Enquirer: 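Have a look at this one.
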Amino acid sequence: MSIKTSSSDDGRADDNAGLGKPDCPHCGGLGYTIPDVPPVHPRFGRAAACTCRAIEQEMARMDNLLQLSQLGALAACTFDAFIPEGIGLNQAKKLNLKLTCDRARAFAEEPKGWLVLKGGYGCGKTHLAAAIANHRLAMGHPALFISVPDLLDHLRSTYAPSSSVSYDRRFDQVRNTPLLVLDDLGSQSNTEWAQEKLYQIFNHRYNARLPTIITTNEELESIEMRIRSRMVDPGLVQIITILAPDFRRSGVDQEQSDLSTLSLHHDQLFETFDLRQRELPRAQAENLQRAFETAREFAETPQDWLVLNSVAYGNGKTHLAAAIANAVSKRGEQQVLFIMVPDLLDHLRATFNPSSGVRLDKRFDEVKTAPLLVLDDLGTESATAWAREKLYQLFNYRYNARLPTVITTATPVDELDPRLATRMLDGSRCTFFLIEAPSYRGGVKPKRKSRKR
């Protein structure tokens with residue numbers, strides 16, 4: 001039985017047309033060539049793939065890698081597009097971000113072990129993880145980038161009768177990919193099934209020492225114990241905490257939490273504080289002068305606690321607390337959180353709303369661990385049992401950790417929750433200053449000199 005073929009003008013069969021580029025000068029569209037070698041050569045008379053076909057195959061392979069990696073929406077996340085000095089960061093955070101970028105680049109060149117990138121929302125960890133994956137793809141190496149919730153959804157979808165891929169194949173694909181990037185660990189719904197699947201993936205890659213990148217904004221202590229134990233192995237894992245705040249908050253003071261209201265007190269500085277020396281009796285003026293000097297000394301070296309107390313409102317407590325916060329923030333040495341106590345409790349309550357974008361534990365940890373916390377107007381909050389418990393937890397944590405804290409209150413200390421008062425009155429860890437000056441508003445006015453007629 002013979003096979004009929006039609007011939008082109010140059011005498012070559014059309015059966016293989018379309019395998020290569022029609023205008024290719026080497027194969028004329030066949031996709032292969034016959035090497036011009038002597039009859040004794042091993043490759044004599046044997047077809048070889050044309051270079052145009054090899055290029056097409058490589059491009060197809062790269063397309064498959066890109067589709068597998070799910071990096072389509074993050075294709076622009078490259079090292080060249082990353083800003084290693086950040087936006088409006090202090091020197092310490094600039095250095096931290098640059099070192100993180102350098103270590104990510106090194107990992108991209110030679111992936112070994114695991115890389116864990118920790119940090120808050122928008123700090124750049126996903127960009128750097130995607131940049132590593134994009135770099136590997138550009139070098140022709142496979143990489144699978146996927147957020148943890150999406151990964152679990154893909155695994156669940158394989159149970160559907162209409163699924164084009166089996167569960168075993170999908171699961172094996174994830175477990176054994178040469179480079180796996182798991183983005184946003186901790187954002188998934190932690191059902192027993194989800195925890196089991198993640199453990200299987202982590203355990204397999206841990207035992208096989210397969211290069212893996214993990215990003216998370218969770219504290220490691222909150223991650224499931226079996227997974228955490230593998231993430232903290234110093235023999236395999238690099239853990240990097242990114243200190244930079246949200247890149248997306250352009251135009252906002254990058255050194256302030258979104259809880260902080262310090263921007264509303266931007267004009268309350270030590271330079272603008274009125275010592276009222278010509279207005280107050282000598283004893284009160286000297287007391288206010290000492291309060292001013294105490295606050296300024298605290299601002300120079302924030303350590304332990306400072307409590308500014310008085311029986312009057314509007315006599316400068318908040319101004320001095322804000323002046324401390326502004327001075328520290330201006331130096332850029334540490335992040336400052338300035339907030340009224342009633343507002344703080346409102347923010348914590350707001351996390352109970354199902355539409356809240358942040359959990360209570362994350363919000364509360366942000367306040368508890370703030371490098372410098374200024375709590376304004378303690379004692380004006382609604383003293384429910386829940387509020388008292390939250391404030392006690394906050395005070396107790398910062399007291400034991402000896403974290404710099406400034407507190408203002410117009411409530412007599414013996415009327416405050418005793419659990420708070422005992423910590424505020426500990427002279428070894430707290431400077432308690434009672435301001436004796438009356439309110440600026442409605443206080444004693446300066447006497448005018450009488451004119452002699």
Side-chain angles (χ1 to χ4, degrees), residues 88 90-93 245 253-276 285-310 312-344 366-380 391 394-395 397-399 401-411 413 420 423-437 439-440:
N90 61 40
Q91 194 59 36
K93 290 181 180 177
D253 187 348
Q254 293 290 299
E255 295 305 309
Q256 286 193 40
S257 161
D258 60 351
L259 291 177
S260 183
T261 57
L262 184 57
S263 60
L264 302 178
H265 302 271
H266 63 90
D267 58 338
Q268 293 182 322
L269 313 171
F270 289 114
E271 294 79 7
T272 60
F273 188 77
D274 183 3
L275 291 170
R276 306 163 70 186
E286 290 177 351
N287 170 266
L288 191 60
Q289 177 73 40
R290 289 195 302 272
F292 176 84
E293 292 171 356
T294 300
R296 190 162 57 181
E297 289 173 6
F298 186 92
E300 291 173 358
T301 311
Q303 290 181 353
D304 290 324
W305 290 18
L306 172 64
V307 176
L308 299 174
N309 181 226
S310 72
Y313 289 98
N315 62 357
K317 300 186 300 299
T318 296
H319 189 136
L320 289 175
I324 293 171
N326 280 314
V328 174
S329 181
K330 185 177 181 180
R331 292 199 303 268
E333 296 172 352
Q334 54 192 185
Q335 188 178 13
V336 180
L337 200 168
F338 183 105
I339 190 167
M340 286 182 60
V341 174
D343 289 346
L344 167 61
E366 179 184 357
V367 180
K368 286 199 304 184
T369 61
L372 174 60
L373 176 63
V374 181
L375 292 172
D376 191 34
D377 264 351
L378 175 68
T380 59
L391 288 177
L394 174 61
F395 274 57
Y397 181 91
R398 296 189 68 84
Y399 174 83
R402 304 193 76 154
L403 292 173
T405 307
V406 179
I407 302 164
T408 76
T409 179
T411 302
V413 69
L420 309 186
R423 286 155 179 77
M424 294 163 62
L425 293 173
D426 181 355
S428 66
R429 300 192 183 189
C430 180
T431 299
F432 192 98
F433 197 99
L434 179 63
I435 299 178
E436 299 172 354
S439 172
Y440 280 85

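Just so it is clear, the structure is predicted and the values come from calculations on it, not from any experiment.
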Enquirer: So, taking the atom named CG in Leu434 and the one named CG in Leu308, what distance separates them when rounded to the nearest 0.5 Å?
Expert: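 Reported value, rounded in 0.5 Å steps: 10.0 Å.
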Enquirer: Considering all heavy atoms of both residues, which atom of Leu262 and which atom of Ala325 are nearest to each other, and what is their separation?
Expert: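 The pair with the smallest heavy-atom distance is CD1-CB, 3.6 Å.
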Enquirer: Answer yes or no: is there a side-chain heavy-atom contact under 4.5 Å between Val367 and Leu337?
Expert: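 Touching, per the 4.5 Å side-chain cut-off.
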Enquirer: I'd like to check the side-chain hydrogen bond (donor to acceptor under 3.5 Å, both in side chains) partners of Thr294; sequence neighbours left out, ordered by chain and number.
Expert: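 If we apply the side-chain hydrogen bond (donor to acceptor under 3.5 Å, both in side chains) test to Thr294, skipping adjacent residues, there are no hits.
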Enquirer: Do Asn309 side-chain atoms and Thr409 backbone N/O form a donor-acceptor pair below 3.5 Å?
Expert: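 Side chain of Asn309 to backbone of Thr409: a pair is present.
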Enquirer: Measuring from Asn315:CG to Ser310:OG, what's the distance to the nearest 0.5 Å?
Expert: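 If I round to the nearest 0.5 Å, the distance is 3.5 Å.
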Enquirer: Please round to the nearest 0.5 Å and tell me the distance separating atom OG1 of Thr431 and atom CE of Met424.
Expert: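 One finds 12.0 Å between OG1 of Thr431 and CE of Met424.
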Enquirer: Looking at Ala327, is its backbone amide N or carbonyl O close enough to the side chain of Ser329 to form a donor-acceptor pair, meaning the two atoms are under 3.5 Å apart?
Expert: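 Not at all, since once roles are kept as given, no pair shorter than 3.5 Å links the two residues.
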Enquirer: Can you name the nearest heavy-atom pair linking Ser439 to Ala312, along with the distance?
Expert: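 It is N-CB, 4.2 Å.
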Enquirer: Give a yes or no on whether the backbone of Asp377 and the side-chain of Lys317 come within a donor-acceptor separation of less than 3.5 Å.
Expert: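 Checked: no pair found.
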Enquirer: Rounded to the nearest 0.5 Å, what separates atom CZ in Arg276 from atom CG in Leu288?
Expert: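 So the CZ of Arg276 and the CG of Leu288 are separated by 6.5 Å.
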Enquirer: Test the Arg423-Phe395 pair against the cation-pi criterion, namely NZ or CZ under 6.0 angstrom from the six-membered ring centroid and within 45° of the ring axis.
Expert: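 Output no; distance or angle outside limits.
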Enquirer: So do the side chains of Thr261 and Met340 get within less than 4.5 Å of each other, counting heavy atoms only?
Expert: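 No, every pair of side-chain atoms sits at 4.5 Å or beyond.
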Enquirer: By side-chain hydrogen bond (donor to acceptor under 3.5 Å, both in side chains), which residues pair with Arg429, not counting sequence neighbours?
Expert: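 Residues passing side-chain hydrogen bond (donor to acceptor under 3.5 Å, both in side chains) with Arg429: none at all.
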Enquirer: Take Asp267 and Asn326 through the test side chain to side chain contact (heavy atoms under 4.5 Å, CB included) and record every step on the way to the result.
Expert: CA-CA 9 Å; Asp267 58 338; Asn326 280 314; over 6 Å; no
Enquirer: Among Val336, Leu306, Leu372, exactly one meets side-chain contact (heavy atoms from CB on, under 4.5 Å) together with Pro404. Which residue is that?
Expert: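 Filter result, single survivor: Leu372.
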Enquirer: CG of Asp376 to CG of Leu344: how many Å apart, nearest 0.5 Å?
Expert: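 If we round to the nearest 0.5 Å, Asp376:CG and Leu344:CG are 12.0 Å apart.
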Enquirer: Grab the two heavy atoms, one from Gln303 and one from Phe298, that are nearest each other, plus how far apart they are.
Expert: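 Nearest heavy atoms, Gln303 then Phe298: O-CE1, 3.1 Å.
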Enquirer: How long is the span from the CD1 atom in Ile339 to the CG atom in Leu259, to the nearest 0.5 Å?
Expert: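 If I round to the nearest 0.5 Å, the distance is 5.0 Å.
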Enquirer: Please walk me through it: do Leu320 and Val406 pass side chain to side chain contact (heavy atoms under 4.5 Å, CB included)?
Expert: CA-CA 10 Å; Leu320 289 175; Val406 179; over 6 Å; no
Enquirer: I'd like to check Pro302 versus Val328 (side-chain heavy atoms, cut-off strictly below 4.5 Å). Are they in contact?
Expert: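 Side-chain contact under 4.5 Å: yes.
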Enquirer: Aromatic rings Phe273 and Phe292: how do their planes relate, parallel, tilted or perpendicular, breaks at 30° and 60°?
Expert: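 Judged by the thresholds at 30° and 60°, the geometry between Phe273 and Phe292 is parallel.
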Enquirer: Which residues pass the salt bridge (charged side-chain N to carboxylate O under 4.0 Å, His left out) test with Glu293, sequence neighbours left out?
Expert: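 Glu293: no salt bridge (charged side-chain N to carboxylate O under 4.0 Å, His left out) contacts found.
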Enquirer: With side chain to side chain contact (heavy atoms under 4.5 Å, CB included) as the criterion, how do Leu375 and Leu391 come out once you've worked through the C-alpha distance, each side chain's angles and the decisive distance to 0.1 Å?
Expert: CA-CA 11 Å; Leu375 292 172; Leu391 288 177; 5.5 Å; no
Enquirer: Does Arg398 reach the main-chain N or O of Asp304 with its side chain, forming a donor-acceptor pair under 3.5 Å?
Expert: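 Side chain of Arg398 to backbone of Asp304, a donor-acceptor pair under 3.5 Å: no, none is there.
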Enquirer: For residues Asp274 and Tyr440, report the shortest heavy-atom separation together with the two atoms involved.
Expert: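 Shortest heavy-atom contact: O-OH, 2.6 Å.
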Enquirer: Keeping His319 on the side-chain end and Leu269 on the backbone end, is there a donor-acceptor pair under 3.5 Å?
Expert: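 Judged by distance alone, yes, a pair lies under 3.5 Å.
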Enquirer: Quick one: closest heavy-atom pair of Ala321 and Thr408, and the distance?
Expert: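 Where Ala321 meets Thr408 most closely, the heavy atoms are CB-CG2, 3.6 Å.
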Enquirer: At their closest point, which heavy atom of Trp305 faces which heavy atom of Tyr399, and how far apart are they?
Expert: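 Shortest heavy-atom separation between Trp305 and Tyr399 comes out as CZ2-N, 3.5 Å.
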Enquirer: Please determine whether side chain to side chain contact (heavy atoms under 4.5 Å, CB included) holds for the pair Tyr397 and Leu403, giving the CA-CA distance in whole Å, both sets of side-chain angles, and the decisive distance to 0.1 Å.
Expert: CA-CA 9 Å; Tyr397 181 91; Leu403 292 173; 3.9 Å; yes
